[in-house]
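Each chain gets a letter, A, B and so on, in the order its sequence line appears, and its residues count up from 1. In this text, all values refer to a predicted model and were calculated from it rather than measured experimentally.
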Protein chains: 2
Amino acid sequence: MTDFSPLLKNINRFVTLTNEEQARLKSILKVSKVKKKQMIIQPGAVCRYRSYIAKGAFRVFYLDDVGKEHTVSIGIEDWFVTDFYSYINQVPATNYAQALEDSVILQMKYEDIELLCKEIHSLSEYFRLTTEKAFAYSRRRVISNISKTAEQRYYEYIEKYPSIANRVPQYILASYLGVSPEFLSKIRSQKISKS
Amino acid sequence: MTDFSPLLKNINRFVTLTNEEQARLKSILKVSKVKKKQMIIQPGAVCRYRSYIAKGAFRVFYLDDVGKEHTVSIGIEDWFVTDFYSYINQVPATNYAQALEDSVILQMKYEDIELLCKEIHSLSEYFRLTTEKAFAYSRRRVISNISKTAEQRYYEYIEKYPSIANRVPQYILASYLGVSPEFLSKIRSQKISKS
DNA sequence: TAAAAAAAATAACAATGGATAAAAAAATAT
DNA sequence: ATATTTTTTTATCCATTGTTATTTTTTTTA
């Protein structure tokens, strides 16, 4: 028996669903356990699900043509994980999504969500409001990327998400910030010598 | 008399609005003419509107503490312009939004849109679907920023948005790509000598 | 708990991109 | 059309960040 309450609580922060609507939503959820390092999305395959992280942590990353990984997003409990472009356009993914820990996700199939959003106004509102927030944050990250040094971005990140920074390997954080792991290591060692 | 049809046509690509719903939407639109270089959003003031560009071009930019401009977005006809974070959270803006040409915008007040989205399911769907697209593109830009060189980002941009690249000053495109205008100039001169 | 694997640190050198200043070219206003 | 302002180019030097290789530390697995 799975506990859907964290997801329902999340939704409740934005909109109100009737009991029947909650039941319909639950009926389309597919619970999956994912082992650490396992991929739930891979380039080439269409990303059919939007996944809510009930337990654990994930990252979405892009593998470039010289084999380097670039982390697009890092998510923990109560976040969603998807290759968003692949998901909303239902075209082959360009990214991987990988469990950073043993995790449990609630998967929602694209077609099911689209149908439910068409039928349940509040659910449409929920995704509208949360995606607007996500978009606003993404724009802030763009500003950070184009206007700040790697050092500034690093300190900005550990201040904003200290628990995540301590939970994921440093080389993954480096690839999220857009710097080499060696350079992030250098940044950190400079800090220690200063303080 | 203003022509609302481009906006309605845009909406129609995603959802269907009844005549009455269209009328309600029109009733909240405020038409504004904006002269080139004029600011429609400024740091400190809450961004009360989501603006549809009926004619002209805009950019949203961040002015950092050493006085340098960083362009967050560039939009032309049939796009929206907003300091998104300020708009959706109704908190003071951190960015400017500036007309790059003499323009005409259709402004929608935050409260009006929120109310209409609560009352008109299709409109909620419209903003959900379009914001999902915007978010997906923003993530792609993040990948580009963290994984590519300035040169690659430049050629990627002019290939993707050739008409915009030719329509805005080069120093603004540079600030969008996250490079100095001098370096963008250098990139361009290298291309010419190669070809 | 020991061995193996993964992650982080260090260091020398290289490349990308920024700062500054000046000149040239283009756009705008008078 | 000319003067003025804005934008772009050019060039030199400097700072930030990447690369490669090696070592140390930490984590995982047997």
Q: Expressed in angstrom and rounded to an integer, what is the separation of B/Arg153 atom CZ from C/dG17 atom P?
A: 7 Å
Q: Using heavy-atom distances to pick each residue's nearest nucleotide on DNA chain C, tell me which of B/Ala150 and B/Lys36 is more 5'.
A: B/Ala150
Q: CG of B/Asp83 to OG1 of B/Thr94: how many Å apart, nearest 0.5 Å?
A: 4.5 Å
Q: For DNA chain D, determine which residues of residues 160-181 of chain A have any heavy atom closer than 4.0 angstrom to one of its atoms, and list them numerically.
A: A/Gly178, A/Val179, A/Ser180
Q: Roughly how far, to the nearest 0.5 Å, is CZ of A/Arg48 from CD of A/Gln107?
A: 12.5 Å
Q: Between C1' on D/dT16 and CD on A/Gln190, what's the gap in Å once rounded to a whole number?
A: 11 Å
Q: How many whole angstroms separate atom CD of B/Gln152 from atom C1' of C/dA15?
A: 14 Å
Q: Among B/Lys55, B/Lys9, B/Arg167, exactly one meets salt bridge (charged side-chain N to carboxylate O under 4.0 Å, His left out) together with B/Glu77. Which residue is that?
A: B/Arg167
Q: Is it the case that B/Glu69 and B/Ser175 place a side-chain donor and acceptor less than 3.5 Å from each other?
A: no
Q: Whole angstrom is fine here: how far is it from OH in B/Tyr154 over to C1' in D/dT8?
A: 12 Å
Q: So how far is it from A/Trp79 CH2 to A/Ser73 OG, rounded to the nearest 0.5 Å?
A: 8.0 Å
Q: Inspect the contact between A/Asp112 and A/Lys30 and indicate whether a charged nitrogen and a carboxylate oxygen are less than 4.0 angstrom apart.
A: no
Q: So that I can compare with my own list, what are the stems of DNA chain D, taken as at least three consecutive Watson-Crick or G-U pairs with distances under 3.5 Å?
A: C:1-30 with D:1-30
Q: C/dT28 C1' sits how many Å from B/Lys35 NZ, rounded?
A: 14 Å
Q: Tell me: CD of B/Glu182 to P of C/dA24, nearest whole Å?
A: 17 Å
Q: Scan residues 56-68 of chain A against DNA chain C and write down, sorted by residue number, each residue with any heavy atom closer than 4.0 Å; if none is found, say none.
A: none
Q: Tell me, yes or no, whether the heavy-atom count around B/Lys118 atom NZ, taken from other residues, nucleotides or ligands under 6.0 Å, exceeds 12.
A: yes
Q: Going by the ring-ring contact (aromatic ring centres under 6.0 Å, His included) test, name the single residue among B/Phe84, B/Tyr87, B/Phe127 that passes it with B/Tyr110.
A: B/Tyr87
Q: If you take the centroid of each ring, where Trp contributes its six-membered ring, are A/Tyr85 and B/Tyr137 closer together than 6.0 Å?
A: yes
Q: If you check every side-chain atom of B/Phe183, which of D/dT9, D/dT19, C/dG18 has the closest atom?
A: C/dG18
Q: Using whole Å, report how far NZ of A/Lys186 lies from C1' of D/dT17.
A: 7 Å
Q: Might you confirm whether atom NZ of A/Lys160 has over 12 heavy atoms from other residues, nucleotides or ligands at distances under 6.0 Å?
A: yes
Q: To the nearest angstrom, how far is B/Asp102 atom CG from C/dA27 atom C1'?
A: 15 Å
Q: With respect to the phosphate group of C/dA8, does any side-chain polar atom (N or O) of A/Arg188 fall under 4.0 Å of OP1 or OP2?
A: no
Q: Can you spot which of A/Glu20, A/Gln22, A/Lys26, A/Glu21 makes a side chain to side chain contact (heavy atoms under 4.5 Å, CB included) with A/Arg24?
A: A/Glu20
Q: Would you mind telling me which of C/dA9, D/dT17, C/dG18 lies closest to the side-chain atoms of A/Ser185?
A: C/dA9
Q: Got a salt bridge between A/Lys186 and A/Glu182, using NZ or NE/NH1/NH2 to carboxylate O under 4.0 Å?
A: no
